[in-house]
Amino acid sequence: MVSDFRKKKLLHVFTSFFDRNGSGSIDKKDFELAVENISKLRGWAPGDAKYKETQNTLMKIWDALQGRADNDNDGEISVDEWVSMWDDYAKNPNASLEWQNLYCKFIFNLEDASGDGAIDGEEFSSVYASFGLNKDDALAAFRKMSKGKANVSWSEFQDLWKEYFTTEDANAAGNFIFGKTSF
């Protein structure tokens, strides 16, 4: 069973980053809206190589997510399906699904706007501000996530990612990887 704390974290990701149209479920249209939002943030136009790469990656993630979590085959992922899927992940995070690894890497690369292999506070907070989160709150989340360091490497980010989806410790650094400081 998923604790209230972990459920709040899962719902933050569900509503802030996946259910882009606010319908209460996740569907393919949400991923299309995410492509538009991310491309606008980065200044990519339809037809640009980076736009196409983002679109291809997010559609792969959608297809795999739907295949894994859409238990009733209605073309949508409900909150219950979402929570159940991540609860399964938390039981064995070292056996993550390909789409979960792809999404983790996608988020890291999105946040690493400079492409230097590390995320800094400005890069991090700009991404979350583009998704409607408060930029100052996102900066505070980055400071907690990075434990006061100037940046977070890919290796560190992978550990923080696992921690976000598995920990019950409200003070764990991984809780802040999605730009929020409290749940």
Side-chain angles (χ1 to χ4, degrees), residues 1-20 26 30 34 37-38 41 57-58 61-62 64-65 68-69 77 79-183:
M1 182 166 163
V2 178
S3 69
D4 285 342
F5 174 67
R6 278 191 40 235
K7 188 169 185 177
K8 286 177 185 176
K9 292 191 298 181
L10 295 172
L11 291 176
H12 170 61
V13 175
F14 183 95
T15 58
S16 298
F17 310 110
F18 280 90
D19 184 16
R20 298 302 301 150
I26 302 168
D30 291 309
N37 185 57
I38 292 164
L41 169 70
T57 299
L58 287 179
I61 292 169
W62 163 246
L65 170 61
R68 166 55 185 88
I77 312 301
V79 168
D80 289 342
E81 290 169 326
W82 176 258
V83 170
S84 175
M85 178 199 58
W86 284 109
D87 190 37
D88 288 347
Y89 170 87
K91 292 171 185 167
N92 189 4
N94 291 323
S96 56
L97 300 173
E98 182 181 348
W99 83 264
Q100 290 165 324
N101 295 329
L102 186 61
Y103 184 59
C104 178
K105 184 68 173 176
F106 177 79
I107 292 297
F108 181 83
N109 288 336
L110 179 64
E111 293 174 4
D112 181 19
S114 67
D116 66 356
I119 303 164
D120 66 37
E122 179 59 30
E123 291 172 321
F124 181 86
S125 61
S126 292
V127 168
Y128 291 110
S130 79
F131 278 91
L133 276 66
N134 179 286
K135 188 167 183 170
D136 291 335
D137 289 347
L139 275 169
F142 179 82
R143 287 190 291 275
K144 289 181 176 193
M145 175 185 82
S146 68
K147 301 174 189 169
K149 295 187 323 180
N151 56 48
V152 172
S153 70
W154 167 236
S155 176
E156 292 167 322
F157 187 82
Q158 291 174 86
D159 291 338
L160 293 164
W161 176 275
K162 286 179 186 176
E163 194 171 59
Y164 182 89
F165 291 104
T166 61
T167 192
E168 295 289 349
D169 178 1
N171 296 311
N175 291 331
F176 310 106
I177 68 167
F178 288 103
K180 190 169 178 171
T181 56
S182 63
F183 295 94

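Since the model is a prediction, treat every value here as computed from it, not as a measurement.
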Going through the distances and angles, do Val83 and Phe14 end up as a side-chain contact (heavy atoms from CB on, under 4.5 Å)? CA-CA 9 Å; Val83 170; Phe14 183 95; over 6 Å; no

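- Annotation: cation-pi geometry not satisfied between Lys7 and Trp86 (NZ/CZ under 6.0 angstrom from ring centroid, within 45° of ring axis).
- Side chain to side chain, Ser96 and Asn101 meet the donor-acceptor criterion of an N or O pair below 3.5 Å.
- Between the Ser16 side chain and the Val13 main chain, no donor and acceptor come within less than 3.5 Å of each other.
- The shortest side-chain heavy-atom distance between Leu58 and Ile38 falls under the 4.5 Å cut-off.
- Here the CG-CD distance, from Leu65 to Gln100, works out to 8.5 Å after rounding to the nearest 0.5 Å.
- Proximity of Ile107 to Phe17: side-chain heavy atoms (C-beta onward) are nowhere separated by under 4.5 Å.
- One distance of note links CG of Leu139 with CE of Met145; it measures 10.5 Å at 0.5 Å rounding.
- The nearest pair of heavy atoms linking Ala90 to Phe165 is CB-O, 3.6 Å.
- For the pair Glu122 and Lys135, the minimum side-chain heavy-atom distance is below 4.5 Å.
- A distance of 13.0 Å separates CZ in Phe157 from NZ in Lys162, rounded to the nearest 0.5 Å.
- Checked against the 6.0 Å centroid threshold, Phe131 and Phe178 do not count as a close aromatic pair.
- Note on Lys147 versus Glu156: no salt bridge recorded, every NZ/NE/NH1/NH2 to OD/OE distance being 4.0 Å or above.
- One finds the SG atom of Cys104 at 5.5 Å from the CD atom of Gln158 (value rounded to the nearest 0.5 Å).
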Q | Derivation of the side-chain contact (heavy atoms from CB on, under 4.5 Å) call for Ile119 and Asn151 | A | CA-CA 5 Å; Ile119 303 164; Asn151 56 48; 5.8 Å; no

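- Note on ring orientation: taking the six-membered ring where Trp is involved, the planes of Phe124 and Phe142 are tilted (angle from 30° to 60°).
- Side-chain atoms of Asn171 and Lys144 include no donor-acceptor pair closer than 3.5 Å.
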- request: Could you go through the side-chain contact (heavy atoms from CB on, under 4.5 Å) check for Asn175 and Phe5 one step at a time?
  value: CA-CA 10 Å; Asn175 291 331; Phe5 174 67; 3.5 Å; yes

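- With respect to Tyr103, the ring pair (Phe, Tyr, Trp, His ring centres under 6.0 Å) criterion is satisfied by exactly one of Tyr89, Phe108, Phe18: Phe18.
- Judged by distance alone, the side chain of Asp137 and the main-chain N or O of Thr181 form no donor-acceptor pair under 3.5 Å.
- Summarising the geometry, atom CD belonging to Glu123 is positioned 8.5 Å from atom CD belonging to Glu111; distances are rounded to the nearest 0.5 Å.
- Two residues are said to be in side-chain contact when any heavy atoms from C-beta on lie closer than 4.5 Å; Glu98 and Ile61 fail this criterion.
- Looking only at distances, a side-chain donor or acceptor of Asp30 sits under 3.5 Å from a matching main-chain atom of Arg20.
- The backbone N or O of Gly121 sits less than 3.5 Å from a side-chain atom of Ser125, completing a donor-acceptor pair.
- Without hydrogens or angle criteria, Asp112 side chain to Gly117 main chain gives a donor-acceptor distance under 3.5 Å.
- Between Ala141 and Gly179, the closest heavy-atom pair is CB-C, 3.6 Å.
- Between Tyr164 and Trp161, the gap from one ring centroid to the other reaches at least 6.0 Å.
- With contacts defined as side-chain heavy-atom distances shorter than 4.5 Å, the pair Asn37/Ser130 qualifies.
- Put simply, CZ on Arg6 and OG1 on Thr166 are 7.0 Å apart, with the number rounded to the nearest 0.5 Å.
- Side-chain atoms of Thr167 never come within 3.5 Å of backbone atoms of Glu163 as a donor-acceptor pair (strictly under, hydrogens ignored).
- Here Lys8 does not pair with Asp4 in a salt bridge; the nearest charged N to carboxylate O distance is not below 4.0 Å.
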